> 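Below is the structure I would like to discuss, written out as structure tokens.
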Amino acid sequence: MIDIAPGSEILETSLGVLHEVFGYDNFRGPQAEIVSHVGGGGDALVLMPTGGGKSLCYQVPAIVRERAGQGLTVVVSPLIALMHDQVGALIEAGVAAAFLNSSLSSEDAQRVEKEMLRGELTLLYAAPERLTTPRFLALLDSLLERGKLALFAIDEAHCVSQWGHDFRPEYRGLAVLHERFPQVPRVALTATADDLTRADIIERLQLQEARTFISSFDRPNIRYQLVEKKDATSQLQRFIRDEHLGADGHDAGIVYCQSRRRVEEVASMLSEAGFNALPYHAGLDAAVRQRHQDRFLREEGLIMVATIAFGMGIDKPDVRFVAHLDMPKNIEGYYQETGRAGRDGEPATAWMAYGLQDVVNQRRMIDESPAADEFKQVLRGKLDALLTLAEASDCRRVRLLSYFGEASQPCGNCDNCLTPPELFDATESARKLLSCIYRVQQASGTAFGAGHIMDILRGKATDKVKQYGHEKLSTFGIGADLSETQWRALLRQLIAREAVQVHDAPYNTLHLADAARDILKGQQQVWLRTLADKAAGATRSGRQRAARATAKDEGVPLSLSERDCLEALKAWRAEVAREHNLPAFVIFHDATLRAVAARKPESLADLDGIAGIGQKKREAYGSEVLRVVSAFV
Ligand code: ADP
Ligand code: ZN
């Protein structure tokens, strides 16, 4: 349903809004097409990676439609804890916005409802459970009757699907929007969705008629590094020290752990080691959680150690690294989580340590879950895809993107591209491992776990080995040529290839699976990395750090006095942010302040064309910015 004006005219109006309100010159990638389509009243499903610029895809059409007299845009968001800052950012830009959620007092909620009914709002953010109450739907009815319901934007749309990694049952109720308000256009947005989830979103939200916009999922500024887990917490510390320690403290980052207990452990371990780290998980008191999130958004250089309960919608632009201490469940989750690094487009790292135990744990969680078999099968397939990524010796990005259906060339910015691993033919060893698993089970009538199998292969006559007489097996001691680390790496690969299965009952035992046959028959080769040389690793990270330091400054090279000016601007911004109770980046991004420091404007007109300074911000802050700068001119 196109109901305002032809596409080109809407695009022109939208560009005007982009410039005037947000202070940007051009739309990025598919934004232009999306805002024209949505602004013109079309339905859309937008798939764009984190940091791609989804917000503008509904905020610009909302403003365009409101100015054309079409009334309110309702934004559905599951992120109650972040609505305050998101709305704050819009208000800073001069847009009439508000939110409705359980954090408001009933007087405040009533005030917002009145503003909405009086037509004073351009955007209203609401949680799905509130939106779908009969009372709220009746309010929307009355807006519709007066022709003042312009658009529904459904953010984090993957929450509607149980195949997504963040299923929220409340999202299922959103089908009512189409049923009850079929004439109101809808735009659904998500940063992640494989084919299955995508189809599910379309069906659940009844978006069959919507145009789908798929952006490239590549985030070229993120460097992927997946390392083998040995002593994960010391590896993590080394990673932060080597690659994310600047002259004035460490970078802001997120460390994901699997369990609450581990979050607590790692957060205190990092704090004791002198890092500025805070824990975040669902077991913490809600007020503590909110406080930690606020500090992460508002302070510089904080490390958030968290379960996956943390991070959706976190739009802090300068998160420099995301580290996974445990392997996530699937690639969607992994990509979404790592995507929180480097939204500002500057270099960032996605680091993960994974090991055999992760694989075993994840399998067990699937096996023990009460889900239906068919569902478990999907989960296992998704886990396997992640495992294959972790074991890959070729470009990580090529594999990640191909998982999302995108073809690409080796990236030059992942661990495997930067230091191609040396491989050797380990087919013979793989056959030894497989036959050992087989023989042991045959001889004892029961299966054993990885540790025991490795002891037999490496010829260790432990008490357990002797107890079962396994030192007499023909496979005893045939694998002394490889280290235990190598055997484990080999085993992980065989699990990833479905040649070996790990059964949780009775006790993480190893079993041969279908793909074992081809390897045993010698019809399939297995390649293994030679063990990494530690010294080479150290010089490499030194180089990376140097490269990163220059890259950071290259955007706008600043002289000494410009740096002082930037510091003064940041100090001024911190004050404003405190007064307004908002994160500093909501006032101005670092990049905006850097551009100001480099340009040294002397009049309001000089501020024109600096990205991130719209009309309202120029009026509100322009003269103060000039005052701060004047000391350095
Ligand atoms: P997403 O929601 O897709 O993760 P955001 O909407 O938060 O991404 O946008 C990411 C960053 O990119 C924000 O800092 C935003 O201001 C910036 N941005 C988005 N679109 C543009 C544009 N057209 N020009 C300049 N900056 C943009
Ligand atoms: Zn690569």
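Each ligand, and each atom within it, is numbered from 1 in the order the structure gives. Remember, it's a predicted structure, so these values are computed and weren't measured experimentally.
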> Would you mind checking if R396 and D415 are paired as a salt bridge, meaning a charged N to carboxylate O distance below 4.0 Å?
yes
> Yes or no: does G339 have any heavy atom under 4.0 Å from an atom of ligand 1?
no
> May I ask whether G51 has any heavy atom positioned less than 4.0 angstrom from an atom of ligand 1?
yes
> Do D155 and K54 sit within salt-bridge range, that is, some charged N less than 4.0 Å from a carboxylate O?
no
> Could you find the nearest protein heavy atom to atom 15 (C) of ligand 1 and give me its residue, atom name and distance?
Y24 OH, 3.9 Å
> Are any of the side-chain nitrogens in R618 or D608 under 4.0 Å away from the carboxylate oxygens of its partner?
yes
> For Q225 and T349, does a side-chain donor sit closer than 3.5 Å to a side-chain acceptor?
no
> Using a 4.0 Å cut-off to any heavy atom of R343, which atoms of ligand 1 qualify?
1 (P), 4 (O), 7 (O), 8 (O)
> Who's the nearest protein heavy-atom neighbour of atom 14 (O) of ligand 1, and how far?
H589 CE1, 2.8 Å
> Looking at R492 and E228, is any side-chain nitrogen of the basic one under 4.0 Å from a carboxylate oxygen of the acidic one?
yes
> So which protein heavy atom does atom 9 (O) of ligand 1 come closest to, and at what separation?
G53 CA, 3.4 Å
> For ligand 1, note which part of N26 has a heavy atom under 4.0 Å away: side chain, backbone, both or neither.
backbone
> Consider every N or O of L18 and every N or O of ligand 1, then say whether any pair is closer than 3.5 Å.
no
> Could you tell me whether the side chain of E129 reaches within less than 4.5 Å of the side chain of I80, counting heavy atoms only?
yes
> Against R594, only a single residue in E567, E562, E346 fulfils salt bridge (Lys or Arg N to Asp or Glu O under 4.0 Å); can you say which?
E346
> Against ligand 1, does G52 come closer than 4.0 Å with any heavy atom?
yes
> Can you tell whether the side chains of D85 and R298 come within less than 4.0 Å, N to carboxylate O?
yes
> If you stand at the Zn ion (ligand 2) and look out to SG of C414 and SG of C395, what angle do those two lines make, to 10°?
120°
> Where on A611 is there a heavy atom closer than 4.0 Å to ligand 1, on the side chain, on the backbone, on both, or on neither?
neither
> Going by the side chain to side chain donor-acceptor pair (under 3.5 Å) test, name the single residue among H589, K316, R320 that passes it with D344.
R320
> Using a heavy-atom cut-off of under 4.0 Å, does the side chain or the backbone of Q31 touch ligand 1, or both, or neither?
side chain
> Which is it for S55 and ligand 1 at heavy atoms under 4.0 Å: side chain, backbone, both or neither?
both
> Taking N or O atoms only and a 3.5 Å limit, does L56 qualify as a polar contact for ligand 1?
no
> Under 3.5 Å between some N or O of ligand 1 and some N or O of R28?
yes
